[in-house]
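Working notes, beginning with the structure itself.
Throughout, residue positions are numbered sequentially from 1 according to the sequence presented. Remember, it's a predicted structure, so these values are computed and weren't measured experimentally. Counting starts at 1 for both ligands and their atoms, following the listed order.
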Amino acid sequence: MSLVNFNKTVIKNLFSKPATRKYPFEPKVYPERTRGHVVNDMDVCVLCGLCSIKCPTHAITVDKAAKTWSIRPMSCIQCRSCVDNCPKKCLSMDTQFTEPGSEKLTKTFPQSEKAIAAQEALMKAAKERAAAAAAAKAAQAGNAANANPVANAAPAAQAPAQPAAEKKDE
Ligand code: SF4
Ligand code: SF4
């Protein structure tokens with residue numbers, strides 16, 4: 001770098017705004033796309049477990065029996081894989097970083113009553129649809145049997161098949 005360019009850079013830096021933040025004197029305002037920590041909307045989460053499968057550090061645990069979703073913030077590397085793979089789009093990245101601490105905490109969140117009710121309603125509707133489809137199929141089979149009784153009659157008893165050749169043991 002020539003002396004002229006060096007001086008230009010020095011003068012420019014002296015009069016321009018610093019690229020860094022004066023922590024802790026400036027407020028904690030993070031850019032919109034900052035990957036701080038993972039947040040789950042438990043009103044929407046269906047505990048499918050996909051986020052847990054996709055997490056490369058196994059930071060997420062889903063307990064379907066206990067109806068809980070847990071995360072270990074200190075194990076999270078903010079890769080965003082869980083957010084991108086959640087089928088319900090209930091995961092997001094908050095811009096606030098996890099506060100440092102001396103313990104490896106596990107944060108557990110119960111599935112909300114609203115989400116449980118919605119899931120039960122869906123399962124009930126699916127069961128009703130399956131029962132209706134089975135009843136319709138049975139009715140269709142009954143109609144076909146009534147319309148053609150000869151074709152659907154039980155076949156006459158047949159003589160047992162004989163072997164083509166028999167070989168005697170000597
Ligand atoms: S957060 Fe999304 S991917 Fe994870 S268990 Fe809930 S619905 Fe499934
Ligand atoms: S952001 Fe990445 S590391 Fe963190 S919980 Fe999600 S998948 Fe796991």
Side-chain angles (χ1 to χ4, degrees), residues 1 5-6 8-144:
M1 183 186 280
N5 282 343
F6 177 77
K8 266 188 195 175
T9 305
V10 169
I11 292 167
K12 187 182 160 199
N13 285 341
L14 275 176
F15 293 101
S16 57
K17 195 171 175 282
T20 52
R21 195 161 45 84
K22 288 180 183 171
Y23 181 83
F25 304 108
E26 281 185 2
K28 291 180 186 176
V29 178
Y30 301 106
E32 197 184 323
R33 296 184 66 183
T34 303
R35 295 180 181 182
H37 70 275
V38 178
V39 178
N40 193 356
D41 181 355
M42 295 307 287
D43 278 350
V44 183
C45 176
V46 292
L47 300 178
C48 66
L50 202 58
C51 52
S52 165
I53 294 166
K54 294 287 181 179
C55 177
T57 61
H58 308 293
I60 296 175
T61 311
V62 174
D63 189 335
K64 290 184 187 182
K67 296 191 185 298
T68 57
W69 183 91
S70 306
I71 186 164
R72 287 180 291 121
M74 296 297 181
S75 299
C76 174
I77 54 171
Q78 285 88 25
C79 68
R80 215 190 132 90
S81 171
C82 55
V83 177
D84 292 338
N85 285 288
C86 174
K88 302 298 286 182
K89 304 289 174 213
C90 56
L91 291 176
S92 57
M93 297 290 304
D94 192 287
T95 53
Q96 181 75 45
F97 291 110
T98 303
E99 294 290 334
S102 57
E103 287 177 48
K104 283 191 172 181
L105 296 175
T106 299
K107 294 187 175 179
T108 299
F109 303 87
Q111 194 180 28
S112 76
E113 293 296 324
K114 186 180 164 188
I116 293 171
Q119 215 169 350
E120 283 174 355
L122 276 177
M123 283 169 68
K124 192 179 167 199
K127 271 184 192 169
E128 283 171 0
R129 275 200 306 277
K137 201 173 169 187
Q140 208 176 9
N143 287 344

Practice item. Identify the heavy atoms of His37 and Gln96 that sit nearest to each other, and give their distance. Key: ND1-O, 2.7 Å
Study note, to complete from the structure: Atoms of type N, O or S from the protein that sit nearer than 2.8 Å to atom 6 (Fe) of ligand 2 number exactly 1
Practice item. Among all protein heavy atoms, pick out the one at the shortest distance from atom 2 (Fe) of ligand 1; state its residue, atom name and that distance to 0.1 Å. Key: Cys86 SG, 2.3 Å
Exercise for review: Of the side chain and backbone of Asn40, name the one, both, or neither that has a heavy atom under 4.0 Å from an atom of ligand 1.
Suggested key: side chain
Revision key, fill the gap. Between the CG atom in Asp41 and the NZ atom in Lys114, the distance rounded to the nearest 0.5 Å is 7.5 Å
Practice item. Please write down residue, atom name and distance for the protein heavy atom closest to atom 6 (Fe) of ligand 1. Key: Cys45 SG, 2.3 Å
Review point. For Arg80, what residues pass the salt bridge (charged side-chain N to carboxylate O under 4.0 Å, His left out) criterion, not counting sequence neighbours?
Key: Asp84
Revision key, fill the gap. Heavy-atom nearest pair, Met93 first then Arg35, reads CE-CB, 3.6 Å
**Study point:** Pairwise salt bridge (Lys or Arg N to Asp or Glu O under 4.0 Å) hits with a residue in residues 86-98, at least two apart
**Key:** none
**Study point:** Pro87: numbered ligand 1 atoms lying under 4.0 Å from its heavy atoms
**Key:** 3 (S)
**Study point:** Contacting atoms of ligand 2, where contact means under 4.0 angstrom from a heavy atom of Pro56
**Key:** 7 (S)
Revision key, fill the gap. Counting from 1 in the order shown, the ligand 1 atoms closer than 4.0 Å to a non-hydrogen atom of Leu47 are 5 (S), 6 (Fe)
Exercise for review: Provide, to 0.1 Å, the distance between atom 7 (S) of ligand 1 and the closest protein heavy atom, together with that atom's residue and name.
Suggested key: Val46 N, 3.5 Å
Contacts under 3.5 angstrom, residues 45-67 side chains, donor-acceptor by atom type, not counting sequence neighbours:
unit_1 : atom_1 : unit_2 : atom_2 : d
Ser52  : OG     : Ile60  : O      : 3.2
Thr57  : OG1    : Ser75  : O      : 2.9
Asp63  : OD1    : Ala65  : N      : 3.1
Asp63  : OD1    : Ala66  : N      : 3.0

Study note, to complete from the structure: ligand 1 to Cys48, heavy atom cutoff 4.0 Å, flagged ligand atoms 3 (S), 5 (S), 7 (S), 8 (Fe)
